[in-house]
Amino acid sequence: MPLHLYNTLSGQIEELTPRTGRPLGIYACGPTVYDYGHIGNFRTFVHVDILRRFLKLQGTPLRHVMNITDVDDKIMTRSAAAGQSIDQYTAKYKTAFLEDLSALGIEQPEFLARATEHIPQMVGLIEKLVERGCAYRGENGSYYFRIASFPGYGKLSKKDLGGMEDGARVDVDEYDKDSARDFALWKAAKPGEFHWDTSLGPGRPGWHIECSAMATEYLGEDFDLHTGGEDLMFPHHENEIAQSESASGKTFARHWMHIRFLLVEGKKMSKSLGNFYTLRDLLLRGYKASAIRFLLTSVPYHNQLNFTFDGLTESTNAVERLRSFAARLHKGGFPAGRNISLFEATERAGRDFIAALEDDLNTAEARAAIFELVRLANSHADRHELQTENVPPILDVLARFDAVFAVLENRDDAVTRLALDWAAKENRLNEAAPELVAGYALSAEAIDRLIEERNAARKARDFARADAIRKDLAEKGIVLEDSPGGVRWRRK
RNA sequence: GGCGCGGUACCCAAGUGGUAAGGGAGAGGUCUGCAAAACCUUUAUGCGUCGGUUCGAUCCCGACCCGCGCCUCCA
């Protein structure tokens, strides 16, 4: 069964399949690089990644494009204030964004499209709209899209145009629009302002036009799926549809997927509420990248997720449990043969996992299928009923799980170390948890030396000394685990 | 005001017209110099309230209460 996804446009769950003979075309609304990405941004990108990875697991060829908006009003204001060109200003955040994607195990799409590298395509599209009478030039030199020319306006967000005219606000800068609802395609430059010189006159693109132009550039005038946060539904995506369909006469994206916002401690994340966190904030507090990723997938994309620090701790433990299970399987030592009931349960778990994701990417149910298998296999192993031939199929299910969820491989220490390096470079180490800084200041060799010292103390039955060493390391976030095979350490 | 979503155990959370997945936490246990880790077992006669439909509702319908999101830059 192929993937079935809720389609905002139709209000129904529909099968998502590419047009015959072509890879599935996905346009994903990406970040505006004016600052570091926050966890709300990454909830969206992680779920698009889940979609992407699941499609790949199913063998669907993909052509996935994500835009990077590297010119907009906020960027202009901030770069000017910093005395930098917009390129200089955005370069840092573009890089940071890509690092953050990698930290969270988010795969890069086939194409990353930067707005500033597609100005000609945008100008071309605007000219086409002018020719078709859907756009006009205002007195100040800006170009606007005439909403009245597009009867389908509102079909995505289910808005009634008539009712919206009332009380619509008119931007003082945009007094020359024919209708208050018309939106800017091209913003004429004010004297001294950064601009491109084009056939439309000096200026910069409006926000919506970049997505229409770049989606068309990479995916054609009609394509399969367009994704984004729920807030983008209106006006951004509605405007994209109006522009694109007016220019091409074709249906723009057939399928629209909107990821719901996450809440933080029950409220919408905002700087004024003090519940605003970037990924880097969380890493510096000592939370692991894998736990953050896992928490972001704990609730299906179509439901609100309430992000809490308790939840982060829970996710840390849940990921640990999965990793311990995988390690137990790899360690082996099972009796020969095959346990039939466990074998069947394994197959069932694999099927349930896939079926859950096929059903509108129900990540919660998919995870439940895996945890059920973990519990069952562990209890079989405890009774010596997990046998050698049970191992490969279970590992296979885990591999499929991880092809989508990507949390089993432990890259957490490396990611945290990068975050600390970044903080040091940015002079922000004071924002990091002190024990984290202390712990990472210890080299692996130094830790090993302390462990040897403790082992010697234990052998001499000097448990006071041994416990003191463990306690000291624990205060630096380093946990020692004694086991028959020796002492292992890990960062908490 | 318009549009929409949700209220399920201590916390998070999935789900179904036929009697409640999963995770975390707590408790008990195995193990252990101590500890940690790991693993096992266990925890909702009930799914916001009140009506209705039904042989039967947490799931369908209606009303109400509560929380939240979008409608403006926002993922």
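In what follows, chains are A, B, ... by sequence order, proteins preceding strands, each numbered from 1.
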**Request:** Let me see the working for A/Ile370 and A/Phe353 under side-chain contact (heavy atoms from CB on, under 4.5 Å), right down to the final yes or no.
**Result:** CA-CA 7 Å; A/Ile370 297 305; A/Phe353 174 74; 3.8 Å; yes
**Message:** Check A/Asp73 with A/Lys187, please: is the shortest side-chain N to carboxylate O separation under 4.0 Å?
**Reply:** yes
**Message:** Once you apply a heavy-atom cut-off of 4.0 Å, does A/Pro300 come out as touching a base, just sugar-phosphate, or nothing?
**Reply:** sugar-phosphate
**Any donor-acceptor N or O pair under 3.5 Å, side chains A/Arg260, A/Asn303** = no
**Residues from residues 449-458 of chain A lying under 4.0 Å of RNA chain B - heavy atoms** = A/Arg454, A/Arg458
**Request:** Report yes if the distance between the aromatic ring centroids of A/Tyr93 and A/Tyr34 is under 6.0 Å, otherwise no.
**Result:** no
**Message:** Centre-to-centre under 6.0 Å for A/His226 and A/His255, is that the case here?
**Reply:** no
**Request:** Any chance you could encode RNA chain B as dot-bracket? Rule is Watson-Crick or G-U wobble with both distances under 3.5 Å; [ ] for pairs crossing earlier ones, | for another strand.
**Result:** (((((((..(((.....[...)))((((((.......))))))....(((((..]....))))))))))))....
**Message:** Once you apply a heavy-atom cut-off of 4.0 Å, does A/Asp73 come out as touching a base, just sugar-phosphate, or nothing?
**Reply:** nothing
Produce the list of close N/O pairs, under 3.5 Å, pairing protein atoms with atoms of nucleotides 4-9 of chain B; give distances to one decimal.
from, atom 1, to, atom 2, distance (Å)
B/C5, O2', A/Arg260, NH1, 2.7

**Request:** For RNA chain B, find the residues of residues 32-47 of chain A with a heavy-atom distance under 4.0 Å and give them by number; none if there aren't any.
**Result:** A/Tyr34, A/His38, A/Gly40, A/Asn41, A/Thr44
**Message:** When you measure from the side-chain N and O atoms of A/Asn362 to the phosphate of B/G15, is any distance below 4.0 Å, counting only OP1 and OP2?
**Reply:** yes
**Item:** Residues forming a side chain to side chain contact (heavy atoms under 4.5 Å, CB included) with A/Lys94, sequence neighbours excluded
**Value:** A/Val33, A/Ile68, A/Asp70, A/Thr90, A/Arg114
**Prompt:** Going by atom types alone, do A/Tyr218 and A/His64 pair a side-chain donor with an acceptor below 3.5 Å?
**Reply:** no
**Message:** Would you say the ring centers of A/His302 and A/His258 fall short of 6.0 Å from each other?
**Reply:** no
**Item:** Inter-nucleotide C1' distance (B/G22, B/G29), Å rounded
**Value:** 23 Å
List, with names and distances, any nitrogen or oxygen atoms from the protein found under 3.5 Å away from nitrogen or oxygen atoms belonging to nucleotides 30-32 of chain B.
none

**Asked** Quick one, which residues of residues 394-405 of chain A touch RNA chain B with a heavy atom under 4.0 Å?
**Response** none
**Request:** Would you check if there is a donor-acceptor pair between the side chains of A/Asn67 and A/Glu210 at a distance under 3.5 Å?
**Result:** yes
**Residues touching RNA chain B, which here means a heavy atom under 4.0 Å, drawn from residues 462-470 of chain A** = A/Phe463, A/Asp467, A/Arg470
**side-chain hydrogen bond (donor to acceptor under 3.5 Å, both in side chains) partners for A/Ser290, two or more places apart** = A/Arg323, A/Asp412
**Message:** Within the 4.0 Å heavy-atom criterion, would you say A/Leu263 contacts the bases, only the backbone, or no part of the nucleic acid?
**Reply:** sugar-phosphate
**Set of side chain to side chain contact (heavy atoms under 4.5 Å, CB included) partners for A/Glu193, sequence neighbours left out** = A/Met76, A/Ala189, A/Lys190, A/Arg204
**Request:** Pick the P atom in B/U54 and in B/G2, then give their distance to the nearest Å.
**Result:** 33 Å
**Request:** Report yes if the distance between the aromatic ring centroids of A/Phe307 and A/Phe42 is under 6.0 Å, otherwise no.
**Result:** no
**Asked** Could you give the NE2-to-P distance, from A/His380 to B/U41, as a whole number of Å?
**Response** 11 Å
**Asked** Does any donor-acceptor pair link the side chain of A/Asn306 with the base of B/C68 at a separation under 3.5 Å?
**Response** no
**Complete:** Sorted by position of nearest nucleotide on RNA chain B, 5' first, the leading residue of A/Val374 and A/Thr308 is A/Thr308
**Request:** Determine whether any donor atom in the side chain of A/Lys158 lies under 3.5 Å from an acceptor atom in the base of B/C70, or the reverse, and answer yes or no.
**Result:** no
**Request:** Applying ring pair (Phe, Tyr, Trp, His ring centres under 6.0 Å), name anything that partners A/His236, two or more places apart in sequence or on another chain.
**Result:** A/Trp207, A/His208
**Separation between the C1' atoms of B/G52 and B/A57, rounded to whole Å** = 12 Å
**Touch class at under 4.0 angstrom, heavy-atom based, for A/Leu232 against every strand present** = sugar-phosphate
**Request:** Answer with base, sugar-phosphate or nothing: what part of the nucleic acid does A/Lys267 contact at a heavy-atom distance below 4.0 Å?
**Result:** sugar-phosphate
**Fill in**
Each nucleotide of nucleotides 22-29 of chain B classed B (base within 4.0 Å of a protein heavy atom), S (only sugar-phosphate) or -, in 5' to 3' order, makes SBSS----
**Asked** Are the aromatic rings of A/Phe276 and A/His38 close, with centres under 6.0 Å apart?
**Response** yes
**Asked** Any side-chain donor-acceptor pair under 3.5 Å between A/Thr388 and A/Asn390?
**Response** no
**Prompt:** What about A/Phe45 and A/Phe97, are their ring centers closer than 6.0 Å?
**Reply:** yes
